[in-house]
Amino acid sequence: MDEKKWYQFWEESGFFKADPTSSKPPYGLLVPPPNLTGDLHLGHAMEHSILDALARFKRMQGFDVLLLPGVDHAGIQFEATFDKHLAKEGLSKQKLGRDAWLKKAWQFKEEIYNSVSSGWRFMGLSADWSREVFTLEEKVQKAVFEEFKSFWEQDLLYKGAYIVQWCPKCGTAIEDIEMEYEERKEKLYYVKYKIDESNGLYLTVATARPETIFADTGVAVYPFHPKYKKYIGEQAVNPLTNASIPIFEDERVDKNFGSGALKITPGHDPLDFEIGQDHNLPILHTIDKNSRMTDLAGGLTGLKAQEAREKAVKILGDHIEKIEDYIHSVPVCERCKTTIEPLISKEWFVKMSPLADKALKHIKKINFVPKNYLKILTVWIKDLHDWSISRSLWWGHRIPVWYCGKCNPNHLVGKDKDMVVSLEEPGKTCQTCSQKHWVQDGQVLDTWFSSGIWPMSTLDYPENTKELQKYYPWDFETSAPEIKFLWIARMIMLGLWFQNEIPFRNMFFHGMLRDLQGRKFSKSLGNGIDPNGLRTQWGTDATRMALYSYAAAGRDGRASRQTMDERAKNFRNFTTKLKNIARFIIELKPASQGPALRTQDADDKWIMDELNKTIKTVTKNLEEFKLHLAAESLYEFIWHKFADIYIEKSKDRRAEAQSTLEYVFKTSLELLHPFMPFITEELWQKLPHKEKSIMVTQWPSTKQT
RNA sequence: GGACUCGUAGCGCAGUGGUAGCGCGCCUCGUUCACAUCGAGGAGGCCAGAGGUUCAAAUCCUCUCGAGUCCACCA
């Protein structure tokens with residue numbers, strides 16, 4: 001069978017295209033844009049198969065379907081992938097510079113894109129390619145600018161030096177949700193801090209990071225500490241720098257940990273930063289953005305923080321009271337697994353509480369599948385902190401802010417003075433110096449800042465096009481649970497904020513496909529399964545069916561190439577079965593045909609009843625996004641009822657049964673088309689038909705018998 | 001420390017109140033009339049365990065054990 005031929009036939013016939021001017025009711029499905037960091041994997045194949053089945057189903061039901069495809073630039077992840085690729089050629093960001101680097105990055109993007117794009121077509125995705133969007137293209141740029149500008153005007157944006165989670169390898173701040181934790185066996189050091197102007201008095205703090213003591217600017221103890229209460233208000237001596245630092249009480253210190261006293265390093269720990277703010281402590285830096293010691297560290301300057309730890313312990317010498325083994329979880333970058341270094345950096349933030357409040361009021365309008373995700377997302381949004389949106393990367397939407405290089409060399413944020421919010425270089429002059437020395441903010445926006453408005457930017461927001469009016473809110477969105485906060489929650493908040501309406505009516509979380517040990521598929525483990533391999537061996541239709549059997553909402557699946565082969569093989573056999581049924585009914589047609597449909601024969605009545613039941617089941621299950629059940633009931637009906645029983649029995653009264661055979665088979669193909677688009681088209685075309693394609697034929701309805 | 005999900009035949013999974021299912025694998029038989037990429041038949045599960053609700057529980061509730069995921073400022 002020539003799948004390519006049918007795909008071309010559909011595409012050239014314009015069947016994939018949505019028509020905003022049509023009077024048909026709209027049904028919009030938004031393809032989650034895959035990251036342009038590599039070929040499509042099995043999870044994508046499943047996700048896209050789900051979307052395509054629903055799109056084809058809704059089209060046949062008479063909706064004006066928009067299945068909108070697109071790809072994501074995936075800022076941090078793309079840069080990591082691309083930099084690795086460059087390293088192989090002996091190149092780097094430093095060697096190339098921003099412009100040359102960006103040029104090469106676009107070429108690299110194009111290569112990956114081609115593979116993704118052809119992968120989609122191979123799988124039979126019936127998307128409206130004329131509306132395809134890339135998150136860095138001009139149209140999205142305008143939407144992102146509008147988003148940024150609105151936030152600015154609504155006073156929801158601020159820039160400042162705050163403690164952030166810094167990935168030294170990626171060279172950028174990341175968000176809490178972009179980190180994961182690794183359990184490590186380290187040491188817990190109990191360090192004595194002398195009390196100033198006293199003889200031999202001291203208090204002890206416990207720390208896992210003695211190298212940060214250089215930047216300690218205070219010691220906090222929990223309220224009413226039996227031993228240390230008396231020192232409150234005194235000064236302690238920083239054991240590494242000899243600086244005097246205040247001792248004070250704070251309820252955030254855990255009574256049951258260590259000695260009950262906590263060294264405060266506002267420059268290198270989020271909690272310490274908070275406590276430091278409340279007690280007006282100065283902020284010092286002893287570790288820089290490359291994870292090396294600053295000159296605050298005296299003789300240890302320039303050392304990697306990790307190496308500095310042991311040396312610091314040596315210098316501390318007698319100040320170390322005891323050392324314990326200590327197992328704790330250390331934050332690492334989700335992308336590159338580098339240990340995160342909390343430090344102070346100037347970043348942009350969005351105030352989220354007004355957005356969160358609005359989202360919480362309306363989130364119940366979204367039908368989450370499975371239902372428990374409503375609670376999961378609600379809880380997360382309730383407890384939301386401000387969104388750090390700037391990334392020190394090159395691949396992304398440049399922050400649309402220009403500073404006067406002359407009056408505002410430190411890129412400070414004011415209002416309409418020596419800075420301007422603008423996509424292009426401002427034409428006007430600086431209000432302070434009346435000259436033009438505009439310099440753009442060097443950072444780019446978090447990837448999710450653009451994908452968060454994906455439901456709108458794909459429909460030409462901020463222009464109020466007929467597309468935006470017709471297809472927003474989307475009817476169906478799907479995703480892996482992995483990015484429920486990063487992406488789904490953001491789309492909900494941003495959609496409500498800017499469009500005053502939920503972004504999608506149905507939110508379907510599919511499960512994650514994992515290997516047989518339950519591990520995620522990853523390049524480093526080499527446990528991935530190439531959907532193309534399955535497709536080539538068993539055919540696209542069979543591969544899709546195998547994937548639908550894993551498509552129960554919210555259920556993870558375990559798979560290996562072998563288990564996928566087992567399932568796909570079954571459906572390849574099913575494809576063969578369909579071909580043989582067609583041969584029997586069409587090619588080996590009796591010379592004379594009996595009466596038209598619905599004789600009074602008991603067998604005919606039985607199969608028609610069974611068909612009606614199947615129509616009901618399949619339709620209902622598709623409406624409820626239970627694709628695995630819909631596919632299963634069709635398989636059961638066609639193979640074990642229609643073929644095994646009805647066709648067998650029909651051989652005794654072939655001519656009389658012919659009409660029923662044709663009718664049941666044709667209807668079955670139509671029901672099966674959303675799942676197995678290619679073989680159903682191929683066989684349907686051989687049966688008597690009116691419409692040009694099974695794709696545009698009407699979805700079967702039950703018939704009276 | 002919180003929240004959530006799962007534990008069903010050798011393996012991969014469905015079934016969420018009414019006699020235990022699917023695929024692969026396994027066993028027996030069968031190539032003449034669509035199909036051996038097949039057909040007919042079969043073996044294999046006290047649905048993790050214990051208790052409870054109910055006329056009725058794999059399905060609802062409680063607890064225990066086991067597997068996993070997510071969230072949290074573990075100094």
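In the text below, chain A, chain B and the rest are named by the order of the sequence lines, each starting its count at 1.
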Under 4.0 Å, counting only non-hydrogen atoms across every strand here, what does A/Leu629 touch: a base, just sugar-phosphate, or nothing? sugar-phosphate
Which nucleotide, in any strand shown, forms a Watson-Crick or G-U wobble pair with B/G23, with both distances under 3.5 Å? B/C11
To the nearest angstrom, how far is A/Asp556 atom CG from B/C6 atom P? 11 Å
Over all strands shown, is A/Gly557 touching base, sugar-phosphate only, or nothing at heavy-atom distances under 4.0 angstrom? sugar-phosphate
Nearest-Å distance, OH (A/Tyr550) to P (B/U5)? 22 Å
Quick one: A/Asp272 CG to B/C74 P, roughly how many Å, whole number? 12 Å
First encountered from the 5' end of RNA chain B, between A/Thr563 and A/Tyr326: A/Thr563
Between the side-chain atoms of A/Arg519 and the base atoms of B/U69, is any donor-acceptor pair under 3.5 Å? no
Return the value, rounded to whole Å, for the distance between atom CD1 of A/Ile376 and atom P of B/G2. 17 Å
Base, sugar-phosphate alone, or nothing: which one does A/Tyr635 contact when heavy atoms must sit under 4.0 Å apart? sugar-phosphate
Give A/Asp644 one of three labels, base, sugar-phosphate or nothing, depending on what nucleic acid heavy atoms sit under 4.0 Å from its own. sugar-phosphate
May I ask you to say what A/Ile585 touches in the nucleic acid, namely base, sugar-phosphate or nothing, with a heavy-atom cut-off under 4.0 Å? nothing
Within less than 4.0 Å of OP1 or OP2 of B/C38, is there a side-chain N or O belonging to A/Asn580? no
Any side-chain heavy-atom pair of A/Leu513 and A/Ile529 under 4.5 Å: no
Record whether the side chain of A/Ser549 comes under 3.5 Å of the base of B/C13 through a donor-acceptor pair of N or O atoms. no
What's A/Val379 touching, base or sugar-phosphate or nothing? Going by heavy atoms closer than 4.0 Å. nothing
Under 6.0 Å between ring centres, would you say that holds for A/His628 and A/Tyr548? no
Ignoring the backbone of A/Lys569, work out which of B/C24, B/A14, B/A34 is nearest its side chain. B/C24
Expressed in whole Å, how much space separates the C1' atoms belonging to B/C74 and B/C11? 40 Å
Expressed in whole Å, how much space separates the P atoms belonging to B/U16 and B/C71? 30 Å
Separation between the P atoms of B/A9 and B/G23, rounded to whole Å: 16 Å
Which part of the nucleic acid does A/Leu262 contact within heavy-atom distance under 4.0 Å: base, sugar-phosphate only, or nothing? base
Hey, does A/Ser329 reach any base, or is it just sugar-phosphate, or nothing, if we go heavy atoms under 4.0 Å? base
Is the distance from the ring center of A/Tyr193 to that of A/Tyr202 below 6.0 Å? no
Among B/A67, B/C24, B/C4, the nucleotide that comes nearest once only the side chain of A/Arg558 is considered: B/A67
Scan side-chain atoms only and decide if A/Arg184 and A/Thr339 contain a donor-acceptor pair under the 3.5 Å cut-off. yes
Just compare B/A34, B/G12, B/A14 and give me whichever is closest to any side-chain atom of A/Leu588. B/A34
Who is the Watson-Crick or G-U wobble partner of B/G66, with both distances under 3.5 Å? B/C6
Sort out the partner of B/G1 for me: Watson-Crick or G-U wobble, both distances under 3.5 Å, none otherwise. B/C71
Looking for any heavy atom pair under 4.0 Å, which part of the strands does A/Arg555 touch: base, sugar-phosphate only, or nothing? base
Proximal nucleotide (of B/U37, B/A34, B/G12) relative to the A/Thr576 side chain: B/U37
Nearest-nucleotide check on RNA chain B, A/Asn372 vs A/Lys577; residue mapping nearer the 5' end is A/Asn372
Between the base of B/A40 and the side chain of A/Glu648, is there a donor and acceptor pair under 3.5 angstrom? no
Please measure how far the P atom in B/A57 lies from the corresponding atom in B/G25, and state the result in whole Å. 36 Å
For B/G68 versus B/C60, give the span between their P atoms, rounded off to a whole number of Å. 23 Å
B/C70, B/A34, B/C24: which one has an atom nearest the side-chain heavy atoms of A/Phe485? B/C70
Quick one: does NZ or CZ of A/Arg567 land under 6.0 Å from the six-membered ring centre of A/Trp538, within 45 degrees of the ring axis? no
Report yes if at least one side-chain N or O of A/His628 is closer than 4.0 Å to OP1 or OP2 of B/G15; otherwise report no. yes
Counting side-chain heavy atoms from C-beta on, which of B/A3, B/A14, B/C35 comes nearest to A/Arg583? B/C35
Counting the atoms with a prime plus P, OP1 and OP2 as sugar-phosphate, which does A/Ala582 contact under 4.0 Å by heavy atoms, base, sugar-phosphate, or nothing? nothing
Determine whether the aromatic ring centres of residues A/Tyr189 and A/Tyr326 are separated by less than 6.0 angstrom. no
Which whole number of Å gives the distance between the P atom of B/A58 and that of B/G18? 10 Å
Grab the CG-C1' distance between A/Leu627 and B/A14 for me, whole Å please. 14 Å
Has A/Glu477 got a side-chain atom pairing as donor or acceptor with A/Phe508's backbone, closer than 3.5 angstrom? no
Please tell me if A/Trp639 has a side-chain N or O lying less than 4.0 Å from either OP1 or OP2 of B/G39. yes
Using the P atoms only, state how far B/G7 lies from B/A14, rounded to an integer number of Å. 8 Å
Give the rounded distance in Å between these two atoms: CZ of A/Arg514 and C1' of B/G12. 16 Å
Tell me: CD of A/Glu182 to C1' of B/C74, nearest whole Å? 16 Å
If only side-chain N and O atoms of A/Lys484 are considered, is one of them under 4.0 Å from the OP1 or OP2 phosphate oxygen of B/C71? no
Looking at B/A34, I'd like to know if its phosphate oxygens (OP1 or OP2) sit under 4.0 Å from a side-chain N or O belonging to A/Lys579. no
Applying a 3.5 Å limit to both distances, which nucleotide forms a Watson-Crick or G-U wobble pair with B/C35? none
How far apart are the closest heavy atoms of A/Thr204 and A/Ala261, and which atoms are they? O-CB, 3.4 Å
Any strand, both distances under 3.5 Å, Watson-Crick or G-U wobble: B/G18 pairs with B/C55
Give one of base, sugar-phosphate or nothing for A/Trp538, where a contact means two heavy atoms less than 4.0 Å apart. nothing
Side chains of A/Tyr550 and A/Asp556, donor plus acceptor under 3.5 Å: no
When rounded to the nearest Å, what value does the distance between C1' atoms of B/G17 and B/G39 take? 37 Å
